[in-house]
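Below: one structure, written as structure tokens.
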Amino acid sequence: MNLNEARAQAAARWSALGARERQMLLAAGALVAMALLWWVGLQPALRTLREAPPRIAQLDEELRVMRGLAAESQQLKSAPTINQGQSARALQAATERLGERSRLNLQGDRATLTLQGVPPEAMLSWLNEARSAGRARVVQAQVTRSGDGYNGTVVLSLPGGGS
């Protein structure tokens, strides 16, 4: 059966229907067309309009953080270089502020910090100071969080070291 025959057959069936049946079929077709228009055309656009402002705010915040990190990175790059001895002294001073809950072991160009129940704020402060004042890079960290703080070890590479 070709297209013209199918059209002719459909037109014959349409003309054989009563007026009420035609109205019902037209109403059903209009309902299906409106549903398709909603699901394909309008609903995705409305969802995008609803979700866009919070997503833009989230991306703006991420951009702000990234710019801050980039500025800090540039600041650290332009900071004068220090030797391993100065770096070790800065790490020791920062570790002393952590108190009895931490121990720093220096071996050549590496420093290992052992933690036992160090509060999160103190850990963050120590890491920031190790990076900025000590110019040390974290090479390995095995840290777990328990009820009283962080436990584990952090291995750092001191400036001028091999890694």
Side-chain angles (χ1 to χ4, degrees), residues 24-163:
M24 290 177 71
L25 279 175
L26 286 173
L31 184 64
V32 168
M34 287 184 352
L36 281 174
L37 177 66
W38 171 255
W39 284 322
V40 175
L42 295 175
Q43 187 182 26
L46 291 174
R47 184 177 335 119
T48 299
L49 285 174
R50 183 177 56 248
E51 294 171 356
R55 180 70 177 138
I56 289 170
Q58 177 189 4
L59 290 172
D60 284 343
E61 178 62 19
E62 287 179 21
L63 179 62
R64 187 190 65 74
V65 168
M66 293 299 284
R67 284 183 175 158
L69 290 173
E72 183 180 357
S73 174
Q74 288 299 324
Q75 180 184 20
L76 288 172
K77 267 185 177 178
S78 65
T81 58
I82 63 172
N83 62 36
Q84 282 185 8
Q86 292 169 319
S87 178
R89 285 191 294 279
L91 289 176
Q92 286 171 337
T95 304
E96 287 173 7
R97 283 190 279 285
L98 290 178
E100 299 174 359
R101 297 178 173 209
S102 65
R103 186 171 36 98
L104 185 67
N105 183 16
L106 297 166
Q107 290 180 334
D109 67 339
R110 297 288 170 117
T112 303
L113 176 71
T114 305
L115 307 167
Q116 195 167 20
V118 174
E121 302 80 22
M123 179 67 180
L124 180 63
S125 174
W126 185 89
L127 284 170
N128 283 333
E129 191 167 345
R131 184 179 61 195
S132 61
R135 309 287 196 298
R137 292 183 302 125
V138 175
V139 177
Q140 180 182 3
Q142 294 178 338
V143 179
T144 58
R145 181 149 187 197
S146 63
D148 58 345
Y150 287 109
N151 300 317
T153 59
V154 178
V155 179
L156 301 123
S157 174
L158 302 179
S163 60

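Basis for what follows: all heavy atoms, side chains included, without hydrogens, waters or symmetry-related copies. Computed from a prediction, not measured in an experiment: that's the story for all the values here.
Atom CE in Met34 sits 11.0 Å away from atom CG in Leu42 (nearest 0.5 Å). To the nearest 0.5 Å, atoms OG (Ser125) and CZ (Arg97) are separated by 7.0 Å. For the atom pair Glu51 CD and Ile56 CD1, the distance stands at 11.5 Å (nearest 0.5 Å). In this structure, Glu96 CD and Leu98 CG are separated by 10.0 Å, a value rounded to the nearest 0.5 Å. Distance check, rounded to the nearest 0.5 Å: CG of Asn105 to OG1 of Thr153 gives 11.0 Å. Once rounded to the nearest 0.5 Å, the distance linking CE of Met123 with OH of Tyr150 reads 7.5 Å.
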> Which is it for Leu91 and Trp126 under the side-chain contact (heavy atoms from CB on, under 4.5 Å) test, yes or no, and what are the steps along the way?
Replying inline: CA-CA 8 Å; Leu91 289 176; Trp126 185 89; 4.1 Å; yes
>> Apply side-chain contact (heavy atoms from CB on, under 4.5 Å) to residues Thr95 and Leu113 and explain how you reach the verdict.
In response: CA-CA 8 Å; Thr95 304; Leu113 176 71; 3.8 Å; yes
>> Gln84 vs Asp109, test: side-chain contact (heavy atoms from CB on, under 4.5 Å). Steps then yes/no.
In response: CA-CA 7 Å; Gln84 282 185 8; Asp109 67 339; 3.3 Å; yes
> Going through the checks in order, is the side-chain contact (heavy atoms from CB on, under 4.5 Å) test met by Thr114 and Val154?
Replying inline: CA-CA 7 Å; Thr114 305; Val154 178; over 6 Å; no
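Gln86 CD: more than 12 foreign heavy atoms inside a 6.0 Å radius. Other residues, nucleotides and ligands contribute at most 12 non-hydrogen atoms within 6.0 Å of the CZ atom of Arg67. Summarising the local packing, CD of Glu61 is surrounded by more than 12 heavy atoms from other residues, nucleotides or ligands at distances under 6.0 Å. The number of heavy-atom neighbours closer than 6.0 Å to CD of Glu62, taken from other residues, nucleotides and ligands shown, is above 12.
Between the side chains of Ser146 and Asn151, at least one donor N or O sits under 3.5 Å from an acceptor N or O. With 3.5 Å as the limit, one finds no donor-acceptor pair spanning the side chains of Arg89 and Gln92.
Closest approach of Pro44 and Trp38 over heavy atoms only: CD-O, 4.1 Å. Closest approach of Ile82 and Ala133 over heavy atoms only: CD1-O, 3.4 Å. Closest approach of Val118 and Arg101 over heavy atoms only: CG2-O, 3.6 Å. Contact record, Ser87 with Pro159: OG-CD, 3.3 Å, taken as the closest heavy-atom pair. Nearest heavy-atom pair, Ala136 versus Leu158, reported as atom, atom and distance to 0.1 Å: CB-CD2, 4.2 Å. Taking both residues in full, the closest heavy atoms of Ala111 and Leu106 are given as CB-CD2, 3.4 Å, listed atom of the first, atom of the second, then distance.
Val138 places a side-chain heavy atom less than 4.5 Å from the side chain of Leu127. A 4.5 Å side-chain heavy-atom check between Arg110 and Val155 finds at least one atom pair inside the cut-off. Side-chain contact check for Arg137 versus Arg131: every heavy-atom pair is 4.5 Å or farther apart.
Judged by distance alone, with hydrogens and angles left aside, the side-chain atoms of Arg135 form a donor-acceptor pair with the main-chain N or O of Ser132 at under 3.5 Å.
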